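Keep in mind it's a predicted model, so treat the numbers as computed, not measured.
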Amino acid sequence: MKFDNIIIGAGLAGLTAAIRLAEEGRKVGLLSAGRSAMHFNSGSFGLLGYDAGHNVIDNPVESMASLPASHPYSRLSALSGIAALATEANAVLRRAGVKVAGSYLKNHMRLSPLGIDCPAWLTLDGLLTDDVIASLPRKHVAIVSLAGFLDFYPRFIAAAFESRGFKCDILTVDTSDLRRLRSSETEMRSSNLSRILHGDALDRLAGAVNDAAKGCDAAALVLPAVVDFDGDNDSLRLRQMVDRPLFYAPTMGISVPGIAIHSRMMRHFLSLGGRVLNGHRVIGADFDGNRLAAVFTDRLDGDRLVAEQFVIATGSFFSKGLVAKPDAIVEPALGLDTSAPAGDRSGWFTADLLGDQPVMTAGITVDANLRAMRGGKAVDNLYVAGSVLPGTASVREASGAGVALLSAVQVANTIINHN
């Protein structure tokens with residue numbers, strides 16, 4: 001099979017690059033090895049949330065000036081500028097139907113599933129943020145829990161409000177639909193709830209919420225994010241059916257907002273004529289000098305996937321885009337050069353589990369234009385995007401989504417502008 005461009009990896013970075021290229025009328029193939037890490041995204045995107053001392057950053061772009069030259073943001077700033085890339089990345093999301101609010105000039109705070117304030121760049125409409133909380137007319141909310149739901153802890157969310165001086169009521173609702181699902185408690189997960197809470201079942205949930213809230217004077221209700229966030233669908237309809245302002249809090253585990261973001265972006269890519277090869281893991285490649293000629297997957301019986309340009313966006317250790325061996329960190333699909341912490345394996349980690357782990361800065365070695373290096377030389381037509389780029393501690397910095405979005409836009413624009 002032949003394409004203009006092949007994207008290896010269908011997470012946030014891979015999908016963003018694929019969309020941007022397909023928008024230019026290119027024939028794009030997207031290789032997806034399995035479930036995307038986006039399914040665990042709570043509905044917010046971080047640009048740069050914390051500095052090296054784990055202090056919350058107010059202005060992420062301003063703070064990027066202090067990052068080392070090896071950081072992806074330093075490379076991106078030199079190539080196109082952070083402001084231009086962030087603006088374009090936001091536009092890509094909106095064209096895909098992902099409705100988000102926020103500014104790259106100032107972080108806002110959003111609530112984690114455990115009620116912890118976390119800095120964010122963009123957040124889906126309807127989810128709890130400090131801006132939403134500050135807009136409420138009275139410091140009184142009701143946290144609505146669903147009977148038997150395993151992935152939501154209302155006491156933690158209530159504690160977050162109480163720390164701001166709010167009065168909090170905790171309500172529990174139940175419906176016949178929830179009772180049926182609860183016959184097997186393992187089914188009481190966010191994604192399973194979202195599959196049943198639509199149509200008449202959503203009407204019954206709205207009625208149960210309204211009944212439960214009759215006895216309290218809360219200015220707003222907070223519900224776990226378990227109804228469909230895919231566009232102006234069930235999440236909006238439920239807000240319209242409930243008698244007072246309703247907002248959603250993220251849940252543990254698989255995230256309904258994260259699934260919705262991935263689904264919207266994937267459908268947009270397909271609507272542009274893109275092709276997705278699901279369940280295809282790249283296991284080898286043909287190189288012609290300093291160019292990548294073709295890749296092979298584990299499901300094509302040796303057939304070649306040929307393209308003029310390639311983007312590798314396979315993610316870091318979580319998605320096996322990188323693999324830690326006893327004495328080295330390797331990129332397993334194409335045998336590309338990697339950048340890793342100096343010294344042996346004992347220097348990759350620190351004793352503080354929640355502290356800075358040097359191994360997390362590992363990635364595929366790239367040149368100034370984000371082209372992958374192989375055998376010490378840049379591969380002319382292979383670009384790197386997302387968390388497989390070296391130099392960022394994305395979890396500690398709360399920068400993973402921003403690096404994914406901005407680097408994907410950059411490499412896509414490089415391909416577009418040079419061909």
Side-chain angles (χ1 to χ4, degrees), residues 5-18 30-33 36-37 67-76 78-79 281-287 289-297 307 309-325 327-342 345 348 357-395 397 399-412 414-415:
N5 308 122
I6 287 176
I7 315 298
I8 305 169
L12 182 59
L15 257 177
T16 302
L30 181 63
L31 307 185
S32 174
S36 169
L67 294 172
S70 59
H71 197 285
Y73 284 144
S74 298
R75 300 176 188 271
L76 293 169
L79 288 168
R281 183 175 294 278
V282 173
I283 57 172
D286 279 342
F287 286 90
N290 288 336
R291 288 184 63 84
L292 177 58
V295 296
F296 306 91
T297 79
Q309 298 91 15
F310 296 79
V311 176
I312 183 165
T314 46
S316 187
F317 298 102
F318 179 78
S319 56
K320 299 182 181 179
L322 295 174
V323 175
K325 301 288 188 180
D327 57 352
I329 292 171
V330 301
E331 185 284 304
L334 305 177
L336 303 173
D337 296 349
T338 61
S339 299
R345 190 182 181 95
W348 296 358
Q357 302 295 336
V359 70
M360 299 310 296
T361 64
I364 297 172
T365 308
V366 295
D367 71 357
N369 292 309
L370 303 186
R371 295 182 301 177
M373 305 292 288
R374 180 174 178 267
K377 296 181 179 179
V379 182
D380 290 341
N381 62 336
L382 174 60
Y383 296 86
V384 183
S387 58
V388 76
L389 283 166
T392 176
S394 59
V395 175
E397 297 172 347
S399 63
V403 168
L405 286 163
L406 272 59
S407 62
V409 169
Q410 174 62 47
V411 300
T414 299
I415 292 170

Evaluate the side chain to side chain contact (heavy atoms under 4.5 Å, CB included) criterion for residues Leu15 and Leu30: first the C-alpha distance (whole Å), next the side-chain angles of each, then the deciding distance (0.1 Å), finally the verdict. CA-CA 8 Å; Leu15 257 177; Leu30 181 63; 3.8 Å; yes
Applying side chain to side chain contact (heavy atoms under 4.5 Å, CB included) to Leu336 and Leu382, what does each step give before you reach the verdict? CA-CA 10 Å; Leu336 303 173; Leu382 174 60; 3.8 Å; yes
CA sep, side-chain torsions, deciding dist, call: Ile8, Leu334, side chain to side chain contact (heavy atoms under 4.5 Å, CB included): CA-CA 11 Å; Ile8 305 169; Leu334 305 177; 4.2 Å; yes
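Scanning all heavy atoms of the two residues, the minimum distance from Thr365 to Ser339 falls at OG1-OG, 2.9 Å. Of all heavy-atom pairs spanning Gly386 and Ser407, the tightest one is N-OG, 2.9 Å. Between Phe317 and Ala362 the shortest heavy-atom distance is CZ-CB, 4.3 Å. For the residue pair Arg281 and Ser319, the shortest heavy atom distance occurs at NH1-O, 4.3 Å. Here the shortest heavy-atom pairing between Ala313 and Gly14 reads CB-N, 3.7 Å. Across all non-hydrogen atoms, the minimal contact from Tyr73 to Leu406 is CE2-CD2, 4.0 Å.
With a 4.5 Å cut-off on side-chain heavy atoms, Phe296 and Asp286 count as touching. Arg75 is listed as a side-chain neighbour of Val366, based on a closest heavy-atom distance under 4.5 Å. Side chains of Ser394 and Val403 form no contact here, defined as non-hydrogen atoms less than 4.5 Å apart. Put simply, the side chain of Leu292 reaches to within 4.5 Å of the side chain of Val295, judged on heavy atoms.
For Thr16 (side chain) and Ala408 (main-chain N/O), no donor-acceptor pair under 3.5 Å exists by modelled atom type. Without hydrogens or angle criteria, Thr338 side chain to Glu331 main chain gives no donor-acceptor distance under 3.5 Å. Thr361 contributes no side-chain N or O that, together with a main-chain N or O of Ala393, makes up a donor-acceptor pair within less than 3.5 Å.
Note that CD1 of Ile7 is 8.5 Å distant from CG of Leu31, once rounded to the nearest 0.5 Å. The OG1 atom of Thr392 sits 8.0 Å away from the CG atom of Leu67 when rounded to the nearest 0.5 Å. For the atom pair Thr297 OG1 and Ile283 CD1, the distance stands at 6.5 Å (nearest 0.5 Å). Atom CG in Leu389 sits 10.5 Å away from atom CD1 in Ile312 (nearest 0.5 Å).
Checked options Asp380, Thr414, Asn5, Asn381; the residue passing with Gln309 is Asn5 (criterion: side-chain hydrogen bond (donor to acceptor under 3.5 Å, both in side chains)). Of the residues listed (Ile415, Asn369, Leu405, Leu76), the one engaging Gln410 in a side chain to side chain contact (heavy atoms under 4.5 Å, CB included) is Leu76, and it is the only one.
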